[in-house]
There are 2 protein chains.
Amino acid sequence: MSTPLEKARKDPESMKARILAVARRIFGEYGFHGTTTRMIAQEVGIDISTLHYHWGGKKDLYESVVVDINKDLGQELIEAEKAIHGLPLAERLAISIDMMTDYLFANPDISNMILFRYFGKTRYEGNLDFSVPEFTADIARSMGLARDKKNAPPETMMKVLAVMNSIHAFISGENFFCPMVKVDRERYIALVKETLKFIHIPAFTQNEAK
Amino acid sequence: MSTPLEKARKDPESMKARILAVARRIFGEYGFHGTTTRMIAQEVGIDISTLHYHWGGKKDLYESVVVDINKDLGQELIEAEKAIHGLPLAERLAISIDMMTDYLFANPDISNMILFRYFGKTRYEGNLDFSVPEFTADIARSMGLARDKKNAPPETMMKVLAVMNSIHAFISGENFFCPMVKVDRERYIALVKETLKFIHIPAFTQNEAK
DNA sequence: TTATTTATCCATCAAATGATTGAATCACAG
DNA sequence: CTGTGATTCAATCATTTGATGGATAAATAA
């Protein structure tokens with residue numbers, strides 16, 4: 001038994017997968033209400049009825065995108081956790097920031113979609129959600145800020161959120177910030193990493209010293 | 001000569017002003033495409049044609065909201081600058097964070113609208129913009145990070161952006177983060193201030209020491 | 001009062017948009 | 001080849017949504 005989403009993830013050439021990939025990008029750029037099924041279909045190069053044939057309705061497609069992104073992000077967080085295992089906090093932070101920044105710049109849909117969910121409301125009765133709370137607790141534990149994922153105090157959760165948010169903001173805001181600071185994309189990415197480390201590492205390491 | 005917006009700002013009881021206030025909130029919550037003129041009209045308790053009578057079209061109203069918010073935010077930044085004038089950097093940061101957090105929690109439309117503009121695209125050819133670049137350069141100078149507003153290097157701009165973004169994110173994400181960390185609104189606001197200071201003050205003060 | 005401007009609402013339009021139907025096409029097992 | 005199911009598309013529908021016109025009422029001027 002495999003859901004439509006699982007099929008699409010296995011065969012990236014399939015029509016299902018092509019639609020899903022475009023939907024991720026467009027939903028991320030324009031949000032749920034700013035995206036029309038026609039925009040997605042046109043980008044894929046198919047008729048809207050074909051889109052409906054594969055994914056049902058707009059909401060179904062949107063929810064599949066959410067699940068898809070949850071899986072990708074969860075997997076990348078596991079990768080990051082492996083890479084930093086056993087290292088001191090400052091290095092854990094630096095490596096995590098580098099990894100997550102590179103990954104999210106390569107997959108900006110993820111940051112886009114998550115920020116839309118944080119900050120905007122949708123006009124339909126959807127109860128599907130991103131796994132951000134679980135991820136956040138996981139990161140807190142992985143960073144050594146909480147004993148276990150059940151037990152992260154609000155202060156710790158907030159600190160982790162601050163780090164994650166600042167990454168997403170720079171990724172998703174590239175189109176706005178890049179011309180604003182007058183640098184090209186490559187330089188911007190380097191600046192993001194540099195700035196994130198400048199901001200976050202002192203906070204956590206200074207407190208560790210105490 | 002006074003524009004419709006100026007009239008509305010002078011008399012908050014006027015129909016123009018009531019519509020504008022509701023539009024700020026709803027555009028901030030649902031974004032441009034997620035908001036319908038009917039939603040706004042219904043919230044105000046009037047017919048859509050009355051809304052069009054006062055503000056023209058949806059885009060006109062939206063752009064008036066942007067200008068309105070720019071004015072409010074610009075004025076508050078001037079207030080903040082007065083309050084921190086002459087103090088050492090750590091205090092300037094702490095006071096600014098407290099002031100801006102209180103102000104934006106009282107006016108979440110501002111953070112909402114700005115974040116929508118950062119992270120999302122709109123499907124219409126609008127060239128109106130928020131004054132974020134100017135504000136950012138102003139803050140850089142006011143914080144003593146740049147000699148003058150013309151001369152803020154990219155690194156400095158990025159740092160200021162990081163601070164502003166983290167404030168907006170916690171304001172605008174209240175509905176998401178508050179239940180996530182399982183605290184009530186009052187405690188959440190306190191946590192936001194605490195977290196922002198924890199994150200940002202060490203970064204800037206440590207570097208100052210060098 | 002009367003006339004004129006301002007403001008509001010009801011009814012309606014035209015375009016956009018999510019969705020469906022049914023015919024045509026394709027893939028491929030038998 | 002033939003038939004069967006899967007896939008795609010053109011045409012169309014129903015609803016939503018931005019917008020307008022005209023009637024009505026309220027405020028204001030004369």
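Note that this is a predicted model, so its numbers are computed, not measured. Throughout, a chain's letter reflects where its sequence line sits, starting with A, and its residues are numbered from 1.
Within residues 33-41 of chain A, the residues approached by DNA chain C to less than 4.0 Å at the level of any non-hydrogen atom are A:Thr35, A:Thr36, A:Thr37, A:Arg38, in residue-number order. Listed by residue number, there are no residues of residues 22-30 of chain A with a heavy-atom contact under 4.0 Å to DNA chain C.
The closest side-chain donor-acceptor pair between B:Ser166 and B:His200 falls under 3.5 angstrom.
The cationic group of A:Lys193 does not satisfy the cation-pi geometry with A:Phe105, failing either the under 6.0 Å distance to the six-membered ring centre or the 45° limit from the ring axis. Remark: A:Lys159 fails to qualify as a cation-pi partner of A:Phe204 under the 6.0 Å distance and 45° angle criteria applied to the six-membered ring.
A straight line from CH2 of B:Trp55 to C1' of C:dA7 spans 15 Å, rounded to a whole angstrom. In this structure, B:Ile46 places its CD1 atom 7 Å from P of C:dT8, rounding to the nearest Å. Distance CG (B:Leu51) to C1' (C:dA7): 13 Å, rounded to an integer number of Å. Regarding B:Leu61, its CG atom lies at a distance of 11 Å from the P atom of D:dG18, rounded to whole Å. A straight line from NZ of B:Lys58 to P of C:dA15 spans 18 Å, rounded to a whole angstrom. The interatomic distance linking A:Glu13 (CD) with D:dT7 (C1') rounds to 17 Å, in whole Å. Taking atom CZ of B:Phe32 as the reference point, atom C1' of C:dA16 lies 13 Å away to the nearest angstrom.
Look at B:Tyr53 and you'll find a side-chain N or O under 4.0 angstrom from OP1 or OP2 of C:dA7. Regarding contacts with the backbone of C:dT8, a side-chain N or O of B:His54 is found under 4.0 angstrom from either OP1 or OP2.
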Set out, line by line, the N/O atom pairs under 3.5 Å between protein and nucleotides 20-24 of chain C.
none

Return the polar atom pairs (N/O with N/O) between nucleotides 24-29 of chain D and the protein under 3.5 Å, or none.
none

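At distances below 3.5 Å, at least one donor-acceptor pair connects side-chain atoms of B:Asp184 with backbone N or O atoms of B:Arg187. B:Asp47 places a side-chain N or O within donor-acceptor distance of the main-chain N or O of B:Ser49, the cut-off being under 3.5 Å. For the pair A:Asp109 (side chain) and A:Glu29 (backbone), a donor-acceptor distance under 3.5 Å is absent.
The residue from B:Thr136, B:Leu145, B:Ile139, B:Leu161 that alone fulfils the side-chain contact (heavy atoms from CB on, under 4.5 Å) condition with B:Thr156 is B:Leu145.
Look at B:Glu81 and B:Arg141 and you find a salt bridge, because one of the NZ, NE, NH1 or NH2 atoms lies within 4.0 Å of a carboxylate O, short of that distance. A salt bridge does not link A:Arg38 with A:Glu43: every distance from a Lys NZ or Arg NE/NH1/NH2 to an Asp or Glu carboxylate oxygen is 4.0 Å or more.
Applying the salt bridge (Lys or Arg N to Asp or Glu O under 4.0 Å) definition to pairs two or more places apart or across chains, those involving residues 160-175 of chain A are A:Glu174-A:Arg185.
Using cut-offs of 30° and 60° for the angle between ring planes, the A:Tyr124 and A:Phe32 rings count as tilted. Between A:Tyr118 and B:Phe177, the ring-plane angle classifies as perpendicular under the 30° and 60° cut-offs.
For the ring-ring contact (aromatic ring centres under 6.0 Å, His included) test, no residue two or more places apart in sequence or in another chain qualifies with B:Tyr103.
The environment of B:Gln42 atom CD is sparse: at most 12 non-hydrogen atoms of other residues, nucleotides or ligands sit within 6.0 angstrom.
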